[in-house]
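This report refers to the structure that appears directly beneath it.
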Amino acid sequence: MLKDKLQNGDCLFGPFLNLCHPAVMEIAGIAGFDFAIIDTEHGEISADRAVDMIRAAKLAGISPVVRVYGNQPELISKALDIGAEAVQIPQISSRSEAQAAVYAAKFSPEGCRGANRYVRAARYSAADKAAYFAKANQETAVIIQVEGKAGMDNLAEIITVPGIDVLFIGPYDLSASLGIPGQVEHPLIMAAMNKTMDLAQKAGVAIGFFVDDARSAVKWKKAGVQYLSFAADVGLLYDAFRQNVGIFREE
């Protein structure tokens, strides 16, 4: 489980998936990635397609994460009901928003997630009904994305919310909010990351970060980032296509 690996201090590496096909998830698992993020915020993936991608993840031994498109209880609950090991919630900018995200991801008494055991996550009611809800609370990982200046300003309060497993910094949205769009290695971004890592370490929360390339991932791995999301399937496919076309055209 992804949450177990985080708690063990492992550094995890995985791509965003925008293409809505289970084979893409399966290939990511076969390739050796630790997790893949099913992107329902920016991708073309609906819940009925996401569940098949989660099935493929289980088959290939990779942890499925679902990024929902908003901090809404019904979206968070749906992602977990269909079997995601973690839910990733974008655009968190205050402590109250972080609390709402965690609350939506947890069953009572820790939250308000709808208690239904006739879902895939409960093996369609085959799971022990006395144990399922507590087990789900224990095993489900909650990843919150802080992507703007307001969120960074409130970071010291956000990070104290119980139940956050990963504090994920979105560098592109952050750079835009700081008036330096796309400059993800600008000193302002580096300063924000250093501040974030210090606060997270004190709070015992793992840090997540997006990288465009594997060399950047290695750099942040050495810096102590545990959850590294890597590019996206469409970009990786384009790069491979372009490289081979280039070789062909040069001959």
Side-chain angles (χ1 to χ4, degrees), residues 1-7 14 16-18 20 22 25 35-58 62-147 151 158 161-168 170 205-206 208 227 229:
M1 296 291 291
L2 182 139
K3 189 168 181 176
D4 291 334
K5 293 176 182 178
L6 289 170
Q7 291 175 340
F16 276 97
L17 301 186
N18 287 6
C20 53
M25 175 67 82
F35 66 89
I37 304 167
I38 300 168
D39 193 358
T40 68
E41 182 187 14
H42 294 298
E44 304 170 353
I45 305 170
S46 58
D48 61 330
R49 299 301 298 271
V51 68
D52 286 336
M53 295 177 75
I54 290 170
R55 291 188 177 103
K58 295 298 184 180
I62 181 173
S63 292
V65 178
V66 172
R67 178 163 73 171
V68 295
Y69 59 82
N71 189 9
Q72 300 172 32
E74 60 272 21
L75 301 178
I76 294 168
S77 177
K78 174 64 75 176
L80 296 175
D81 283 350
I82 62 176
E85 290 186 19
V87 62
Q88 189 159 325
I89 303 104
Q91 301 294 343
I92 299 297
S93 59
S94 69
R95 191 177 197 278
S96 61
E97 290 175 359
Q99 285 178 316
V102 173
Y103 202 57
K106 301 293 183 181
F107 292 117
S108 179
E110 298 174 42
C112 64
R113 181 179 166 190
N116 188 327
R117 67 188 186 92
Y118 296 97
V119 295
R120 185 180 178 279
R123 301 182 63 229
Y124 303 106
S125 77
D128 186 292
K129 63 183 178 181
Y132 165 63
F133 301 110
K135 188 171 184 285
N137 277 358
Q138 182 180 359
E139 294 180 349
T140 296
V142 178
I143 302 165
I144 64 163
Q145 292 187 203
V146 174
E147 304 175 85
I158 290 172
V161 173
I164 297 172
D165 297 292
V166 178
L167 176 65
F168 183 89
V205 174
Y227 178 86
S229 67

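These figures come from a predicted structure and were not determined experimentally.
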Tell me if the OH atom of Tyr118 is crowded by more than 12 foreign heavy atoms within 6.0 Å.
no
Is the NZ atom of Lys106 crowded by more than 12 outside heavy atoms at less than 6.0 Å?
yes
Steps toward salt bridge (charged side-chain N to carboxylate O under 4.0 Å, His left out) verdict (Lys135, Asp128):
CA-CA 10 Å; Lys135 188 171 184 285; Asp128 186 292; over 6 Å; no
Quick one: are Glu147 and Pro90 in side-chain contact, heavy atoms under 4.5 Å?
yes
For Asp52 and Arg55, run salt bridge (charged side-chain N to carboxylate O under 4.0 Å, His left out): C-alpha distance rounded to whole Å, both residues' side-chain angles, the deciding distance at 0.1 Å, then the answer.
CA-CA 5 Å; Asp52 286 336; Arg55 291 188 177 103; 2.7 Å; yes
Measuring from atom NE2 of His42 to atom CD1 of Ile37, what distance do you get when rounded to the nearest 0.5 angstrom?
11.5 Å
Atom CD in Glu44, atom OG in Ser46: separation rounded to 0.5 Å?
10.5 Å
Which heavy atom in [X] sits nearest to a heavy atom in [Y], and how many Å separate them?
X	Y	result
Met25	Ala36	SD-CB, 3.6 Å
Ala50	Ile82	CB-CD1, 3.9 Å
Gly151	Ile158	O-CD1, 3.7 Å
Ala105	Arg113	O-CD, 3.9 Å
Pro162	Arg95	CD-NH2, 4.4 Å
Leu80	Ala86	CD2-C, 4.5 Å

Return yes if some donor-acceptor pair links the side-chain N/O of [X] with the main-chain N/O of [Y] below 3.5 Å, else return no.
X	Y	result
Lys3	Thr140	yes
Asn137	Phe107	yes
Asp165	Val142	yes

Hey, can you pull the donor-acceptor pairs under 3.5 Å for the side chains in residues 66-75, sequence neighbours left out?
from	atom 1	to	atom 2	distance (Å)
Arg67	NE	Asp39	OD1	3.0
Arg67	NE	Glu41	OE1	3.1
Arg67	NH1	Glu41	OE1	3.4
Arg67	NH1	Gln145	OE1	3.3
Arg67	NH2	Asp39	OD1	3.3
Arg67	NH2	Asp39	OD2	2.7
Asn71	ND2	Glu97	O	3.0

Could you please spell out the steps behind the side-chain contact (heavy atoms from CB on, under 4.5 Å) verdict for Gln88 and Tyr227?
CA-CA 12 Å; Gln88 189 159 325; Tyr227 178 86; 2.7 Å; yes
Just do the side-chain contact (heavy atoms from CB on, under 4.5 Å) check on Val87 and Ile143 with the steps written out, would you?
CA-CA 6 Å; Val87 62; Ile143 302 165; over 6 Å; no
May I ask you to say whether Lys5 pairs ionically with Glu85, meaning some side-chain N is under 4.0 Å from a carboxylate O?
no
Please determine whether side-chain contact (heavy atoms from CB on, under 4.5 Å) holds for the pair Asn18 and Ile45, giving the CA-CA distance in whole Å, both sets of side-chain angles, and the decisive distance to 0.1 Å.
CA-CA 7 Å; Asn18 287 6; Ile45 305 170; 5.7 Å; no
Report the C-alpha distance between Ile54 and Arg120 in whole Å, list the side-chain angles of each, state the deciding distance to 0.1 Å, and finish with yes or no for side-chain contact (heavy atoms from CB on, under 4.5 Å).
CA-CA 10 Å; Ile54 290 170; Arg120 185 180 178 279; 3.5 Å; yes
